[in-house]
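Please read the structure below before turning to the comments.
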Amino acid sequence: MTSERFDPSSADPRWQAAWDERQTFRADDASPRPRSYVLEMFPYPSGRIHIGHVRNYTMGDVLARYKRMKGFEVLHPMGWDAFGMPAENAAMEKGVHPGGWTRDNIANMKAQLKRLGFALDWSRELATCEPEYYGHEQALFLAMYEAGLVYRKESAVNWDPVDMTVLANEQVIDGRGWRSGALVEKRKLSQWFLKITHFAEDLLGGLGELKNWPDKVKLMQENWIGKSQGLQIRFWSADRSTEVEVFTTRPDTIFGASFVAIAADHPIAQRLAAGDPAVAAFIEECRKGGTTAAEIETQEKLGHDTGIRLKHPFDDGIALPLYIANFVLMDYGTGAVFGCPAHDQRDLDFARKYALPVTRVVADGETSAPVFEGDEAYTGPGALVNSRFLDGMDVEAAKAEVIARAEQGQWGRGTTVWRLRDWGVSRQRYWGTPIPFIHCDSCGVVPVPRDQLPVVLPEDVDFKTPGNPLLRHPTWKHVVCPSCGKPAERETDTLDTFADSSWYFLRFASQPADRPFDPEVIARWLPVEQYIGGIEHAILHLLYARFWTRALNHIGLIDVKEPFASLFTQGMVTHETYSRIDPVNGAPVYFGPAEIEKRGDGAVLISDGNPVEVGRVIKMSKSKKNVVDPDDIIAQYGADAVRWFMLSDSPPERDLPWSEAGIEGCARFVQRLWRLFGQYDPAASGEDKALDRKRDQAVAAVAEDIEGLGFNKAVARIYELASAVEKAAPSASRSAAIRALLLLVAPMMPHLAEEAWSGLGDGLISDAAWPSVDPALLVEDEVTIAIQVLGKVRDTITVPKGQTQEANLAIAMASSKVTLHVGNVEPQRIIYVPDRLLNIIPGRVMKPS
RNA sequence: GCGGACGUGGCGGAAUGGUAGACGCCGGGGACUUAAAAUCCCCUGAGCUUUGCUCGUGUGGGUUCGAGUCCCACCGUCCGCACCA
């Protein structure tokens, strides 16, 4: 080793080229080795990778490289979630073609990822916007259609009349289109749906088996699926002219019912509105209610008495008023509820406002009086009261009893209601997977025959005129019906891009040209052993991917049901903000890290030397200017320092605050290791037992930390070993420790490791094996024992491991620090934790002072 | 409102109920140097009457020989959901 300093600008590209040339990280489908599929969520090709990608992919990379060293055949692929609106927006704003824009971005980002030295199998790279990918997606969509998992129905969309386009909810701001500013209309369109609800029970139940998923994510999915069991029950008016179907999860409280309420959109409310202007006015009022979180929270419960009276199912003598109420949702359950105010907060608020009776039917342990006092509903457990044949039963038994009687009387049935809706996948957009169907006046909706796939997006489109280019393309949509041969039209909707990301992990594992994947190869790689990505995908992406996997399993295309055995959600990269308040409009003006200089506690703007406010550490965002560009920092510090920073300090699931000082520390450590590796001397002799022990302990601990994704802990262990090696005198042990240290950092700092390895090892370190450990060395032969008196540490002693309690006590009692506190009293009790701690409890004899 | 996570030095954070603060950053002191950078060494939770003692893991209680860790109550921060019957 000749050079004094490690030079990333020359070493990084050299080793990246070497890995490329040798195809070091190419995964072999036929390998006899045990397999490991490590996957990070693939990026949207926005044009630049951001620091969050760097953190995400560095974690996956360390795991992938480590697994390789442990002898696994590792599949670690990368690709592009390449369809979506930003490409269309760019087309409209800059006049570029979405495809060209996307492919340029991919080229840029791929180069950026290469500069980080990730151990990726680029031979499996895919982009969802290419027919080689989405054509197979069309085939899978048709397979689902044949299996009855795809259907069409009318559904409302946000329609922007100026841009002539459908808007996603987040593109509607205060009721207006985000781009045009036009008032958004609700339009009913016939749209495609995937029957995710068919798997609701299974998707929910499957969560229980996902042992290596964060509880938080499982809980979010559980709430999203939203299973509730209860009773669907019919109420009639005395003359049977009105029938209301109600869903409740509390059938036990039926005798506490004091009203029935329906949603403003309920058919009965609509019918009444036609003949009653007061009802119509009230419904209009409900519609006006805000939709933001704050508005809903503060919204008052409003109701309109229809005048209709419904009979209580167990007592014709009880008449319940039928209200239209603003807090009842049409799209959940049946759009109608019965109100039991004593045991439901919303119902209680409503009942107090309209002076309806409030009857207690569940005793709260203090009282069972029929008249319910106060403004807080009781929702806890208890015995039923004031409920005739239910009296004395607990809540669960009463529920079952009411359901049984309802089913017997044929006016209700036990039922399960889900929050989960079927997945509307139609997007009235150009830049997405064309939905492979043809509309024929004679034959209806006809699937495109398999031999005509892929349905390829036309490239000759422009975005100068508003609306979906597929609709106005001169030739694309005109086809002949595959069934009758008459002129027909293509479906012009494209698939939600979540569909693209719902099976990409399968295509990575196996990508034959003539079909989506080879099930036999899928079976070898799947499930993904470790999936890593952002928490923002906790619900939609992960639920849709679980659904597609199940759907394909259901059809018989694959054996696997759960795609991701382990899931890890990493934290964000954050940074301080620097700002000043604009004296004119009072709004903060932000400055980037490059524009300021840190001085002591504060910071000043370089251009004028005056202080700026150092704000909270928050997620990096362009608007706050607290961003760092991966290319800049790689150029400045080298890929290994950047990677090391991504792994250091913060636990990977928590946010990582970026700091200049931190990355500089990492860059210094890279050089420190370089100098240390330069001291490797294969000819050195002599044994250093203590260093051997530290080495193997570090190897074992780092392995354990990496396997548990505790990268910050692994980093700390490596620092410790490096310090110990630096302090040690030359010996064969020291050389062995340097060699081991090099292997330990190889997954984290691969360029430095290759460069150093080329001076002392054979071949590439990327192909080297993880160092083995001597189990005997992991065990200490000396231990330091804490000596406590009454639970307080007074001294420590270092003794041979496994020494008896008596021997240790004798040594402890020889210490003046101990005897001072024990005094002249016989120990009343000794607590001994072998090799760790000795706690002396003195007798209760009071010492003369 | 409901649900969840978190709270430890100046900062990021370690810590199977058993020596709190590993490791890193910042800061201080020193060595080397004409000088600087780089590098190396030492110190670095607070307080005190400093051979040592006391306090200290958001607050207040509890269990225990012993609590950052377990239990109860509260405070704060962040995240998710949102009138889901």
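In what follows, every chain begins at residue 1, and chains take the letters A, B, ... in the order their sequences are listed. All values below were derived from every heavy atom in this structure, side-chain atoms included, with hydrogens, water molecules and symmetry-related copies excluded.
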Could you check whether A:I831 gets within reach of a base, just the sugar-phosphate, or nothing at all, counting any heavy atom under 4.0 Å? base
Please identify each residue that fulfils side chain to side chain contact (heavy atoms under 4.5 Å, CB included) with A:H537, with sequence neighbours left out. A:M41, A:H541
Checking A:F259 now: which residues fulfil ring-ring contact (aromatic ring centres under 6.0 Å, His included) with it, not counting sequence neighbours? A:F350
So A:D349, base contact, sugar-phosphate only, or nothing? Heavy-atom distance under 4.0 Å. nothing
Who pairs with A:H312 by ring-ring contact (aromatic ring centres under 6.0 Å, His included), at least two apart in sequence or on another chain? A:F255
Between A:D344 and A:R250 (salt bridge meaning N to carboxylate O under 4.0 Å), is one present in this structure? no
For nucleotides 68-73 of chain B, print each protein N/O atom paired with a nucleotide N/O atom at under 3.5 Å, atom names and distance only.
none

Side-chain donor/acceptor pairs under 3.5 Å, residues 697-705 of chain A, sequence neighbours excluded:
unit_1 : atom_1 : unit_2 : atom_2 : d
A:Q697 : NE2    : A:L778 : O      : 3.3
A:Q697 : NE2    : A:E780 : OE2    : 3.2
A:D705 : OD2    : A:A714 : N      : 3.4
A:D705 : OD2    : A:R717 : NE     : 3.4

So A:L329, base contact, sugar-phosphate only, or nothing? Heavy-atom distance under 4.0 Å. base
Return yes if the base of B:C23 and the side-chain atoms of A:K713 contain a donor-acceptor N/O pair under 3.5 Å, otherwise no. no
With a 3.5 Å cut-off and sequence neighbours excluded, list the donor-acceptor pairs that the side chains of residues 411-418 of chain A form with protein atoms.
none

Pairs counted only when both distances fall under 3.5 Å, Watson-Crick or G-U: show me the 5' to 3' dot-bracket for RNA chain B, [ ] for pseudoknotted crossings and | for other-strand partners. (((((((..(((.....[....))).(((((.......))))).((((...))))..(((((..]....))))))))))))....
A:F282: which residues meet the ring-ring contact (aromatic ring centres under 6.0 Å, His included) condition with it, sequence neighbours left out? A:H304
Should A:S228 be listed as having a side-chain N or O under 4.0 Å from OP1 or OP2 of B:A85? yes
Can you list everything that forms a ring-ring contact (aromatic ring centres under 6.0 Å, His included) with A:F711? Sequence neighbours excluded, please. none
Hey, does A:F247 reach any base, or is it just sugar-phosphate, or nothing, if we go heavy atoms under 4.0 Å? base
Enumerate the protein-to-nucleotides 31-33 of chain B contacts in which both atoms are nitrogen or oxygen and the separation is below 3.5 Å.
none

Write down the protein N/O and nucleotide N/O pairs, taken from nucleotides 39-49 of chain B, whose separation is under 3.5 Å; answer none if there are no such pairs.
unit_1 : atom_1 : unit_2 : atom_2 : d
B:U39  : O3'    : A:R675 : NH2    : 3.3

Quiz question: going by heavy-atom distance under 3.5 Å, is there a donor-acceptor pair between the base of B:G1 and the side chain of A:Q345? no
For A:N626, the side chain to side chain contact (heavy atoms under 4.5 Å, CB included) test, sequence neighbours excluded, returns A:H575, A:T577, A:I618, A:M620, A:S621, A:K624
Would you indicate what A:D344 reaches in the nucleic acid, counting non-hydrogen atoms under 4.0 angstrom: base, sugar-phosphate, or nothing? nothing
